Every structure is written in C-alpha cells, then in structure tokens.
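Only this structure's heavy atoms are used, side chains among them; waters, hydrogens and symmetry mates stay out. Just so it is clear, the model here is predicted, and its values are computed rather than measured. Letters A, B, ... mirror the listed sequences (proteins, then strands); counts begin at 1.
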Number of protein chains: 2
Amino acid sequence: MKKATIKDVARVAQVSVASVSRALNRQGGVTAETVERIRAAARQLRYIPDNAARSLITRRTHTVGALLPDLYGEFFSELIRGIDLAARARGLQLLVSSSHDGLEDASAAMRAMLGRVDGMLILSPWVDQAFLEANLPGDLPTVLMNSPVEGGEHDVINIDNRGGAHAMTEHLLRKAGHPTVTFIAGPAGNYDSVQRELGYRQAMAEFAPKAAVDVVAGSFTEESGYHAGRELLARKQRPRAVFAANDMMAVGCLYAFKEAGLQVPQDIALAGFDDIPIARYLTPSLSTVSVHIAELGRNALERLAVQLDGHERSHTTDTLGCAVVIRHTCGAS
Amino acid sequence: MKKATIKDVARVAQVSVASVSRALNRQGGVTAETVERIRAAARQLRYIPDNAARSLITRRTHTVGALLPDLYGEFFSELIRGIDLAARARGLQLLVSSSHDGLEDASAAMRAMLGRVDGMLILSPWVDQAFLEANLPGDLPTVLMNSPVEGGEHDVINIDNRGGAHAMTEHLLRKAGHPTVTFIAGPAGNYDSVQRELGYRQAMAEFAPKAAVDVVAGSFTEESGYHAGRELLARKQRPRAVFAANDMMAVGCLYAFKEAGLQVPQDIALAGFDDIPIARYLTPSLSTVSVHIAELGRNALERLAVQLDGHERSHTTDTLGCAVVIRHTCGAS
DNA sequence: CTGAAAGCGCTAACAT
DNA sequence: ATGTTAGCGCTTTCAG
C-alpha cells in the first residue's frame, strides 16, 4: 500500500492529472461535476499532495524559518508563540532553529534552512551585516529582530531597549527616590544587553550625576541573577536599588534578596526588563519594562509575510516602544 | 542573477551533474582533484542544493514535526528546547505547530505537515487512536508524548502523572502532616490533568479516607490558579494544603495567598507539578513534582530518530518517572 | 472544459 | 572515474 499520487487520483476519477491539479487547487476551469468526481477519488485514496514536488515547481515552501539563539525561558517561548500564531493565521509553517552559541553554529543552522523556507526571521545578538551577506542569498526575504544591523538591506524590528532602560532608571531615581541604582548586565556583547546598559548609563548621568555608575555582570539566566544578587549583598554597603537587564535575572535576584531575609522593596528595590508572563505573579510583583514579546513576534512575521506576498524585499527599521510597568518591587506606588 | 543549480556547477566545473552530486554528497567515486574543482565551482556560484528537489527523490526531508497544543509557559518552552537540542545533534530540522485548540485544528495542522516531515512528535491531550488513524498515513514514524493511546500502533512516552501526584499527595498528608488536601485540576478532559487527579484521589483514599476529596477547577494557566486560590480563600473554612495540577497554577495560587497576607506554608501549604525552571526561584520556593521536561523532549526525539534510521515503526510504551521535590511551600522540611 | 507534455532540480541506476 | 538518462510528483503552458 504505497502512497497515492496525483496519477492514481486521475486514473480513479477518469480524468487527466492536469484536471486533478486544477480541481484540487480550485483554480477554476473545471466543471463542478468533474470537481466532485475528483474530490471523491482523492478522498477514497486518502490522497495527500506531496509538498516537496509541489514546491519544486512553484518555488514556494509556505514555510518560514526562525533563527533564535536559544529557547530558554519565557522570553523565547512568548516570542515563538507570537510568531507561530501569526504564521498559522497566514497558513505558513514554522521551522525553528535555536540553541546556537555563536556565529559558527548560526551559520550552519542558517544554511540548513536555506531552500526549505520562503523567508527568515532572525533574532541573534551576534549576527551582523557581514555575516548576513556571507550567509544569505541576497534575495531571501528576511526580517531581523533586535538587531544591530540598521539602515541597510534588511527589514528590522527593534525594541526600544535604550529608551525602556532609561525610563526605568529614571523612575527608580526620581519617582521612587532611590539615590542611585545598580545595574545587572546581560552577556557581554549581547546587543539587547548593551543597549539596555546604555539607557541606564544615560539616565544615571542625567538624574544622578553625582552617583557612581555601578554595573555587575550577568548572563540573562535566573541563576546568574541569583549570583549577582548574592554578590551585591556581600558588599559592605548593600545597594538600595537594583535594575536587572532582564526579568529572569530579576527573578534570581529577588530570590537571593528574600533568602537573605530582606524586605523588597523596603530594604532593597528591584526592577527587571521584558515583562515575561510570570513577572506579575512574583511576590512582590515585579516592576519591569514591558515589551509585548508575543506582539514582537507577530509583527515580525507579518512583516515577513508582506515581503513574501509582494515578492520584494523591503528595508524599513521599526522600533517598538516599551512601557515602564510599576508593580511592587521598585518601591514606588 | 538567478539561483545556481547543479547544472551550473557542472558546467563551470566541466563535469557532469552526476559527478557534482556525488562529490557534494561525498559518496566517493570521484577523484580528490575533481572534487576540489567541483567544490570551487560551487563556492564560486554560491550554490545551495534545492532541498525540495532532493527530497522529492530521496523521500527524506530530514525534518521532524512537533505538534503541540500550545506554546504558553515554561513547560512547552522546555519541551521544545529538549527536542530542538536533540534534533540539532542529529542533523534534523524541526517544524513546530502549536496553538490549536481542538481536534479540528490539530487535524489541519497535521495535514499541513504531512509530506514535509519524516516523522512526527505529538503531544496533544485530545488526540486519540481514532484521530490518529484518520489523520496519519499508517507508515509515518510517530512518537506520542503523554498520550492516552496505548499498547497499539505507536511509540508512546508518558510521564508518570498518576504516580507523581500520588506521591506528592502522600507527602502532603503523611510527611507534612496536613489533615486533608485540596486539588486544583487542569482543563477538563486533558489527559495529564485527569491522570494527576486520579493519583490525588487514590492517595486521598489511601491516606486520608475520612477526609472529603476536594477538587476545584483550573485550566493550567497562572490566571486560573490565581482565581482558584481566591476562590479557596473566600470559603468560610480555608483549606490547609493545596495541590495544583501544574506549576503555573501554583504560581498564580501562591500569588493569591500572599496577596491575602497569608504565610506560606504556615497558614496554607502549596505544591505544584512539572518543576518548571522558575519553581525554585519563587519565594517560598515551590515544592513540586519533577518531570525533567527537556529530557522528555530529548527522549521522544531520540526514539523517533531510531524509527527513522531503522526504517520501521516501533510501538513501545515508556513511562518516565517523576520525583517529588520538597522545597519550602509544602510545609515539611 | 479537458488532455498531453514539458520540465522544476536533483539522485541513482546504468553505461562507458 | 565519469557521463547519460530516467524519473520523483507536481504545475502549467499549449493544443484540441
């Protein structure tokens, strides 16, 4: 019992393969009657068109690739979720590839996707213009997310990392009234992290010019946040307010603070970045910078779909705004 | 500038297309010298083999599909992460399809994947034997995860939901010494939820035969856990111990308890199920049933890969054990 | 409205 | 060791 092909359907329905193709793709030019006969035959044979053969000739795979650095944590799950939702709505399949830790890996992952996808969504903090030129066919529709690559060949959707971090730092300093703020950074060289740190530094210069900028290292994981938190508490003078470059680190940090018996925000204030779903359910609930992660994914896919439909590349750069979300950890109502 | 095909490479390298194919697929039968000439030509033309054409003839896509009900929350992100990691290690691509809320959707999603994948990983609490027979070609390698379908056509990897829930309930009753336990269930009809509730009921019958079984509804989201928590607190007699059918609901529930000013576990104890990454970072840290989610994904993919390599279906049913993880919310050290 | 036939780009016999 | 050629299953002119 082999898989039925279009020929089998044609034979059973007593028509030519061309008619079967036309009927099943509802292109018209076939009598309603014949269509029905063909439908019946297809059903009877459990006929499923072979996508490989189809896309060989149509040059369309109806599949988009998503290249991500990792899949760990709620940020990425929300992002994929947004992408997947939008893709489904558009009738597109989603090929994901994550878990690569550098340009080597990213390049291999990208190559493996080429020819399988009609376009690509790329979120990779290491990817730059040169890399893209070397690894992408010039005509493959692409949307970059949170990318340093700007004003060039590609469609880019960024988050206002700098602005969001600036606003949160300002809030901590001016509204919540903390004299200074300590920043827990993400992985070195990570674009998001760099931009957020920049926003922090600008706000510090602006609103706490006397205070020293204070940055400790992290890597965007809960664990690194926990360690950073412990490190901060071990100082002879513990900070009064801490701003973590993402929510996962804030989660780890919060744990460290409460483990040490500290009251948050009375003894020490805390804020994060991303507004992952769980942020509002922490106790105290986490003040953070809201990013609408799923929205970002949805947006990127829509943008890609436009390129796909229009058969032309585009190259706009959009920046999605961020909003400071005040909950309880930051010490201002 | 159109995309280079194998013919172009052959022309430039001054060999036949067959040699190009052989050289690039390292099948031997070509002089090292010619291979080098071919490689050079391919590089020069930026030649990328067309996967559609290739899989049309090889009948292999090197892609596996993952059918999931949703992508919300850390459970699924961990699961995909495990799958993706294993797939990458095997040189397989991963086509994901989630966000379907019933058999209709699942069927459509499945059909869209057919012909694009060499095999499928299915985690869908609604899918049963009849559905699979109706929607899957009989010869497509498949691995079911957490599925009610047993002892039949398919490879199945289950989690010991019943055993885990039983063990946690026993712990709450006997070790932590709570006189009775209230259970927050997942979505009605969801297989995981049903099994977990079963384990709870069995343990109640065994270790607290006098106490009434007490089950409230939930839907596996933080929000539903929050509402269930509030509902519980609104009773004239509030429960002493609560067991949520998954961690996300426990998170919402914990929030409700602390919002009401209750001490956990002194005033009210709480436990979850799954051990999502964030569980240990809640305060108090969440006692839960550990599932090794990423491992489950990895396992399922490995199993599928075996079927792919062996060119034959298999039909074993494995059950992965769960371990009770005692942290601070359950009220026993 | 329908059918015949020409490929899409590639691999795998089968020749040489 | 290399070339020739016949398709894989489908869509799409082009005739009828």
Side-chain angles (χ1 to χ4, degrees), chain A residues 1-39 41-42 45-63 111-112 114-118 137 139-140, chain B residues 1-39 41-42 45-63 111-112 114-118 137 139-140:
Chain A
M1 163 196 153
K2 308 189 59 208
K3 250 177 47 177
T5 75
I6 197 171
K7 279 184 185 168
D8 301 320
V9 179
R11 190 165 28 71
V12 171
Q14 315 208 61
V15 293
S16 72
V17 292
S19 295
V20 176
S21 175
R22 282 191 279 257
L24 264 27
N25 295 315
R26 58 195 79 245
Q27 300 190 304
V30 193
T31 351
E33 192 182 1
T34 337
V35 168
E36 199 32 63
R37 207 164 69 246
I38 292 171
R39 283 257 169 72
L45 296 171
R46 293 167 133 272
Y47 169 66
I48 297 156
D50 184 319
N51 286 303
R54 195 204 297 254
S55 59
L56 176 57
I57 190 160
T58 60
R59 318 302 318 172
R60 281 292 214 127
T61 61
H62 295 285
T63 303
R111 199 148 317 174
L114 293 177
R116 296 173 194 276
V117 298
D118 293 338
D139 58 343
L140 186 78
Chain B
M1 162 193 152
K2 308 190 60 211
K3 248 176 48 174
T5 75
I6 197 171
K7 278 185 185 166
D8 301 320
V9 179
R11 189 166 28 72
V12 171
Q14 313 207 62
V15 293
S16 72
V17 291
S19 295
V20 176
S21 175
R22 281 191 280 258
L24 264 29
N25 295 314
R26 57 197 81 242
Q27 298 189 306
V30 193
T31 354
E33 191 183 3
T34 4
V35 168
E36 199 32 64
R37 206 164 71 247
I38 292 171
R39 284 257 169 73
L45 295 170
R46 290 169 137 271
Y47 168 67
I48 297 156
D50 184 320
N51 286 302
R54 187 196 301 230
S55 59
L56 178 57
I57 189 161
T58 59
R59 316 302 317 170
R60 282 291 214 131
T61 62
H62 295 286
T63 303
R111 198 147 319 175
L114 260 27
R116 295 175 196 276
V117 298
D118 293 338
D139 57 343
L140 187 77

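With rounding to whole Å, A:R11 atom CZ is found 17 Å from C:dG3 atom C1'.
The heavy-atom pair separating A:V12 from A:A41 by the smallest distance is CG1-CB, 3.7 Å. When all heavy atoms of A:L114 and A:P137 are compared, the pair lying nearest together is CD2-CD, 3.7 Å.
Listed pair A:S19 / C:dG3 meets the phosphate criterion, a side-chain N or O lying under 4.0 Å from OP1 or OP2. Under 4.0 angstrom from either OP1 or OP2 of C:dT2 there lies at least one side-chain N or O belonging to A:T34.
More than 12 heavy-atom neighbours from other residues, nucleotides or ligands sit within 6.0 angstrom of CD on B:E36.
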>> One pair to check against side-chain contact (heavy atoms from CB on, under 4.5 Å): A:R37 and A:V15. What are the steps and the verdict?
In response: CA-CA 9 Å; A:R37 207 164 69 246; A:V15 293; 3.3 Å; yes
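Taking the side-chain hydrogen bond (donor to acceptor under 3.5 Å, both in side chains) definition, one finds that B:S55 meets it with nothing, sequence neighbours left out. Judged as a side-chain hydrogen bond (donor to acceptor under 3.5 Å, both in side chains), and not counting sequence neighbours, the contacts of B:R54 are B:N25. Among residues two or more places apart in sequence or in another chain, the side-chain hydrogen bond (donor to acceptor under 3.5 Å, both in side chains) test is passed with B:T31 by B:T34. In this view, A:R39 satisfies the side-chain hydrogen bond (donor to acceptor under 3.5 Å, both in side chains) rule with no residue, not counting sequence neighbours.
Within 4.0 Å (heavy atoms only), B:S55 reaches no atom of the nucleic acid at all.
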> What does nucleotides 5-12 of chain C look like as a protein-contact string, B for base, S for sugar-phosphate only, - for none, at under 4.0 angstrom between heavy atoms?
Replying inline: --BBBSBB
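Comparing the start and finish of the helix from C:dC1-D:dG16 to C:dT16-D:dA1, five pairs each, the helix axis swings through 40°, to the nearest 10 degrees.
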